[in-house]
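A short worksheet on the structure shown next.
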2 protein chains.
Amino acid sequence: MDAARRLLEAEGPSALSLRAVAREAGVSPAAPYHHFKDKAELLDAVAQEGWDILGQLMQEAKAGATGMHQLTALGIAYVCFARDNPALYRVMYDAARDKDALPEGMQQNKDSAYCMVRDTMIEHGADPTQETHLELASVAAWCGAHGLAEMAGFKQFDHLKDALGGERAFFDAVLSHMGLFPKAEPHC
Amino acid sequence: MDAARRLLEAEGPSALSLRAVAREAGVSPAAPYHHFKDKAELLDAVAQEGWDILGQLMQEAKAGATGMHQLTALGIAYVCFARDNPALYRVMYDAARDKDALPEGMQQNKDSAYCMVRDTMIEHGADPTQETHLELASVAAWCGAHGLAEMAGFKQFDHLKDALGGERAFFDAVLSHMGLFPKAEPHC
DNA sequence: TTTCATATCTAAGCGCCGTATAGATGCCAT
DNA sequence: ATGGCATCTATACGGCGCTTAGATATGAAA
């Protein structure tokens with residue numbers, strides 16, 4: 001898995017073949033099959049690690065903000081993670097797509113990130129008895145952040161980033177345009 | 001390209017190999033190379049067709065709504081397209097990602113869809129002189145719709161769809177939670 | 001009508017991929 | 001000392017993207 005993460009960072013997701021991972025780890029092409037059922041299971045494990053790391057980053061971001069700004073901090077942390085680890089982020093979503101159910105650990109890590117959004121909304125005014133409305137708001141926030149995360153790297157937006165004074169400001173502006181994220185404090 | 005589209009619908013994007021396309025078309029594995037430089041170029045062509053179709057659907061959706069609801073109609077049309085053509089939608093974004101510049105025709109088709117959002121905002125009150133704000137709003141709407149489009153198929157949301165009385169209502173609710181899309185009219 | 005360029009295709013092969021099988025090696029508890 | 005277990009290798013199969021070399025048809029020019 002170390003080899004897989006190394007390869008992913010260095011060469012991107014298209015270079016992440018089982019054989020390449022084995023080469024990087026210095027073992028034969030068949031060796032990984034004694035640890036993972038198939039390639040998908042290896043990718044699942046990498047993805048789960050990714051959700052774990054993302055969860056920690058979001059936790060830290062939340063701790064570094066106050067009030068409703070915590071929500072924006074979560075969103076920014078989410079998008080920055082995707083920008084800094086584009087290949088890993090894609091593996092994480094590829095693993096989640098086209099699957100009836102996620103592997104246990106991955107579902108847990110993913111849920112914990114989602115629940116952080118939900119909990120933050122409750123802590124700052126959302127009515128926890130209006131379950132449907134609360135979930136909708138969380139899902140909308142998640143969708144918005146995910147959409148921005150996927151597009152964050154598009155060259156098309158470079159002039160907007162410049163006009164706003166940086167990528168960070170761009171993320172903040174887009175998120176705050178979606179009703180759910182208040183404009184962030186200027187620091188960090 | 002007909003063979004490619006057929007395969008894409010029938011077997012999903014992972015089955016879309018050049019050789020499979022050639023088989024489906026009834027020619028040798030090398031034949032496609034006389035029409036496309038490589039596999040990516042074939043996928044680009046398929047993606048461009050996809051943007052074209054999506055643009056038409058959005059145009060029709062806009063024509064079928066009035067006032068600010070046109071914006072929601074665009075969003076719903078976008079998300080429904082992704083739900084009905086998940087494999088094609090992925091090819092479209094995979095072709096757009098990891099590329100410095102899109103092929104000419106694809107960029108045009110993609111821009112025309114984007115401009116429809118922008119224009120609709122201007123037609124219904126957005127100030128066209130505030131260029132940056134206008135673009136931000138359009139980008140935010142695009143991100144939100146894309147995020148929802150990618151997650152539309154997640155099993156996790158099934159209970160929400162049920163609670164709201166259908167997928168369509170779910171899309172509408174999520175989009176309207178993002179500040180930019182007013183709640184749609186009940187029909188269609 | 002012959003000739004020749006062009007478009008389209010096939011056949012064969014390269015190296016890489018995911019995966020399966022069979023067997024080797026080392027370690028640890030009995 | 002022995003047997004089970006975890007880990008690994010060697011080898012092979014078919015599919016993949018792609019390349020090269022050569023075949024076939026078509027249509028314009030001579």
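Remember, it's a predicted structure, so these values are computed and weren't measured experimentally. Chain letters run A, B, ... following the sequence lines, proteins first, then strands; residues in each count from 1.
- Of the N and O atoms on the side chains of A/Gln156 and B/Lys110, at least one donor lies less than 3.5 Å from an acceptor on the other residue.
- Hydrophobic clustering keeps A/Leu8 apart from A/Val27 (ILVMFWY residues linked when any side-chain heavy atoms are closer than 4.5 Å, directly or through intermediates).
- Using modelled atom types and a 3.5 Å distance limit, the side chains of B/Glu41 and B/His35 yield no donor-acceptor pair.
- Of the residues in residues 13-35 of chain B, those lying under 4.0 Å from DNA chain C by heavy-atom distance are B/Arg19, B/Val27, B/Ser28, B/Ala30, B/Ala31, B/His34, B/His35.
- Looking only at atom types and distance, the side chain of A/Asp44 has no donor-acceptor partner in the side chain of A/Gln48 under 3.5 Å away.
- Between A/Phe171 and A/Phe181, the ring centre distance reaches or exceeds 6.0 Å.
- With salt bridges taken as basic N to acidic carboxylate O contacts below 4.0 Å, one links A/Glu150 and B/Arg97.
- Shown are B/Leu148, B/Asp172, B/Leu71; of these, the side chain to side chain contact (heavy atoms under 4.5 Å, CB included) with B/Ile76 is made only by B/Asp172.
- Read 5' to 3', the first and last nucleotides of DNA chain C with an atom closer than 4.0 Å to a heavy atom of chain A are C/dC17 to C/dA20.
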